[in-house]
Number of protein chains: 2
Amino acid sequence: MKTHRGLWRYLVGEPLPTSAFAEERLTNTAALAVLSSDALSSVAYATEEILLVLVLAGGGALGLSLPIALGIALLLAIIALSYRQTIRAYPSGGGAYTVARENLGIYPGLIAAASLMIDYILTVTVSVSAGIAALTSAVPALQPFVVELCLLLVFLLMLANLRGLRSSGQLFSIPTYAFIVTIFGLIIWGIFRQATGQITVIPVTVTQTPISLFLLCRAFAAGCTALTGVEAISNGVMVFKSPEWQNARRTLGYMVGILTAMFLGITYLAHVYQIVPESGQTVLSLLGRSIFGNGIFYYFLQITTLLILMLAANTSFADFPRLSYFLARDRFLPRQLLLLGDRLVYSNGIILLSATAAILIVIFRGQTNAIIPLYAVGVFTSFSLSQAGMVRHWFKDKTGGWLLSTVINGIGAIMTTLVLMVIVATKFKQGAWIVVLAIPAVVYLFLSINRHYRIVRERLSIDGMELNRSRTQIQTNSTTPAIVLVGQLHRGTVEALEYARSIASQIVAIHVDIGDTDKTNLLQQWQELEADIPLIILDSPYRSVVKPMSEFVADFEARHPETFTTVIIPVFMTRHWWEDFLHNQTALFVRAALRNKRSRVISSVRYYL
Amino acid sequence: MKTHRGLWRYLVGEPLPTSAFAEERLTNTAALAVLSSDALSSVAYATEEILLVLVLAGGGALGLSLPIALGIALLLAIIALSYRQTIRAYPSGGGAYTVARENLGIYPGLIAAASLMIDYILTVTVSVSAGIAALTSAVPALQPFVVELCLLLVFLLMLANLRGLRSSGQLFSIPTYAFIVTIFGLIIWGIFRQATGQITVIPVTVTQTPISLFLLCRAFAAGCTALTGVEAISNGVMVFKSPEWQNARRTLGYMVGILTAMFLGITYLAHVYQIVPESGQTVLSLLGRSIFGNGIFYYFLQITTLLILMLAANTSFADFPRLSYFLARDRFLPRQLLLLGDRLVYSNGIILLSATAAILIVIFRGQTNAIIPLYAVGVFTSFSLSQAGMVRHWFKDKTGGWLLSTVINGIGAIMTTLVLMVIVATKFKQGAWIVVLAIPAVVYLFLSINRHYRIVRERLSIDGMELNRSRTQIQTNSTTPAIVLVGQLHRGTVEALEYARSIASQIVAIHVDIGDTDKTNLLQQWQELEADIPLIILDSPYRSVVKPMSEFVADFEARHPETFTTVIIPVFMTRHWWEDFLHNQTALFVRAALRNKRSRVISSVRYYL
């Protein structure tokens, strides 16, 4: 037990006090690096996804990749314009959950939230798989260890984030800009070699090979993975320096420009250099080898690709726990996701994300192509709901230029909805059905959790308890002292205090404040209801409930060595065992901690809901 | 929770009272069926194992299978003679653990026990895999589901044994005798076809192909799997009718005769019919097809093979839990293995066996050939220790004819030890190393468990507690009643009673007798130490501790609705969390049961070791 704990502390680091919590503001250059890795990194696989579909119609159809890429670039422009409106309207960050919930109501909000959560998990899965594909393309000997390498990467990302890797501008700028420079280098050198006649030029013409409309749509849908992550800047407006929304808009513009250039450039060159997808090599790797040869530049390309994809995966490690926190705060997810861990990060969200991503990696054997069909559904569902929410927003809030904004967001909403339909229709069998089923399932889970918390709150509420009710008299004859552990003052606590009075002469109640207790309110309620028992509030700068409690108990017991000190823990009993997962189970951890302190008597006073 | 429990009850059956426990005596014919399935079924794979080694030296070496089989038959005769002596000396059953422990001491006994446990697990694994191989040989379409089919078979065996499948003579006779008849039919028909010139006769000569001594020894070692299960009759002497040992000896003679004839017959015909091992088909299946053609006789052969192999696997489901019980009784295994389950079987042993066999099946992908190299090590270790123990036995107990018996057992011990060495040397790399490491590891586990229980017993012992020590006075002023749950009267219980006195006015202690309580002793100790508190002993004919306890508590609480009844559970705290697995954790189950009864106050009084 102890050695495990030691290793864990070594990996994750010592606890940090709550006072160390702070947010960093970023320059536009740094913000571009932090917020756009997800979007920019998608050029590592988007072209390949288009080609993989077209190749089904024969090699001649590969030339269609260019018009498809142009269509996707147009769609990107529309979406970016749309998000410019969101940035203006939500300077404190307009995530799809917030926008949809505020403007469209609770159900669309939850659908957006479910889509986003799935999307974040898939971002990790896809980015890590694509990163490892870049690695194994360069070092084929690693091919048999794809799954293990992917899992290792997820584990490292988890550890880094549990330690509290801040979205540090400097740290992120290097790989992002290195990737941008390398890709532009690739494109420029590729075009230069073509222009100087070093390769046979293929005229860019749409091939005459007959191709079904379905396959064409499917290729388009596959390429839409290039658009994932575009919304990041509109979610993160608050990290920009003042004037936030203007800086965010400008950065969005740069990002879209760079993304468009890279995506079109790669797709164009893949055509010119006659790249045909093959297994064991990514299209970008094949293109790199064709243009750079097998030298240092090629390896640099693969390494920067791996690094930016790791950054892309890492963005989910910031976004997923944050969204989980919002949902838990609104009581749609377990309250454990509200807890700020030892290192001031939402550890439980990080672990949940890592675990689900790891499971998907194992199921899909770390194959990017297998996971991609699941990816775009969540992304475009949240795009559509977010844009539709914005349309409603402008109708309610008719500030300057609202009509133009309405039109732009309206076009955005219609386009993204259409694309969503195309994606679902064309990729349904390849795996999109999983997400189509998963989104309502997750929404149902949100609603069930919410209902549970509502019922618990109602049943435990002390509203309506008489102030001067008849309390049990404290057992003045008893020689036994008792300590009552108090989380909140609810009906279960009241019961536990009653029991304490019935067995003990000296009673003390303790409460631990991890920084979120409304002390005034608690003390006032206490005076009204339980004035005969002293309440001690312990501060906990490192946000541990268990440690101060168990230390207090150990001290108390040391001061009363001759008698049995009864430690009384109020617990409320849920109706089903699985509902216990929705509560903190502080009682369990306290019992375990008191084992180390060698406490002798621990009494649970159970309150049945 | 409830539906799970309902399904489980449906599969396993309603609980049986302890009074229904009884043993059946068998006729020799029935006993042969019950006790020899393990030994006889090994002809399904033993010849194949020899051929698989010889084929490495080229097809010409396959003829060597005959002299090797003759050598193994000779070894079988020696071992059988040896076990005839054991039967006489141990009419109540002379398992290797008993014989080695009584005559050679504790360590050889534990080595024998470890070998046997591993052997039983491997019997399940090998028999189930070989049974499914018989099935997939006949129905190749099932080939891709080998692992799933094996796991299904283990699960069915587990369920049948958890229900309490008795070693019913009738049930077992049909497949065993059907198998014997089918194999003899195969041999006779095969020889008839050869004699009538329906096939090209190959002269039985030892081939001149050069073969290394190592490979020859390895082939011999591989064939020794034919001898597994021979000891079963000497372990089960007590199931025979009177005069037990004479009946057992006679049955052993029949079994050895049948086994020798079948093994030699199959090996001879495999040579005559030029069977070469191939993947996807067992040798017996190939032989069956050659002799019977693809008709009904062939399918009958495969089905009876599958059935007798299931019976063979089933014998471990009786032996393993019984050996676990003995080891747990001697405190070398967790005490949970002592508990007689709902259906009067040692459920925990059955589940442990199923789980470990299932894990091995998954690891070795259900491939008989991959598991066999592990198999014979444990078998021959226990053979050797058991025979060596018999030699010591005769020296100590010089009854009539002891000298001859000594010589026979001595030869047996030397031969089996030599074979063991050959097996370890030739199959070490193929997997025997696993068992060579596992046996000492299991012995170490036995010893650690034993040490733990000894320490706990010493620390908790009430020996030396003063009879007239100063007890706390019962709190006559208190209005709170308390119930103390008592397992045994140890220091932890004494503490809990002290605590009860310090908080409660009305105290009652309850103890549940599941059939193994020494009531006189308990009541006497109670009178000496705790006379001021009444002790109620509840009978539990269905051997549940939790049910009578929780019902008593619920009744008591119903009679005292106005106050908090404190349910006091004495728990002793082990030094390491993993040591908890060595104790019954009744406290946990009682807490869960009291949740259903809606008990309000549950106090643990902890005693730290």
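Residue numbering restarts at 1 for every chain, and letters A, B, ... go by the order of the sequence lines.
- Remark: B:Tyr499 OH to A:Ile503 CD1 distance equals 4.0 Å, nearest 0.5 Å.
- Looking at B:Leu594, both its backbone and its side chain come within 4.5 Å of chain A, counting heavy atoms on both sides.
- Distance alone, capped at 3.5 Å, is enough to place a donor-acceptor pair between the B:Tyr608 side chain and the A:Ser599 backbone.
- Within 6.0 Å of CZ on B:Phe589 lie no more than 12 heavy atoms contributed by other residues, nucleotides or ligands.
- Under the 4.5 Å side-chain criterion, counting only non-hydrogen atoms from C-beta, B:Val601 is not in contact with A:Glu495.
- To the nearest 0.5 angstrom, B:Arg606 atom CZ is 14.0 Å from A:Phe564 atom CZ.
- Proximity of a side-chain donor or acceptor of A:Thr480 to a complementary backbone N or O of B:Ser502 within less than 3.5 Å is detected.
- B:Ser604 and A:Arg600 form no side-chain donor-acceptor contact under 3.5 Å, judged by distance and modelled atom types alone.
- Using a 4.5 Å heavy-atom threshold, the side chains of A:Met573 and B:Asn596 count as separate.
- Here A:Thr566 is the residue among A:Val567, A:Thr566, A:Val571 with the most heavy-atom pairs under 4.5 Å with chain B.
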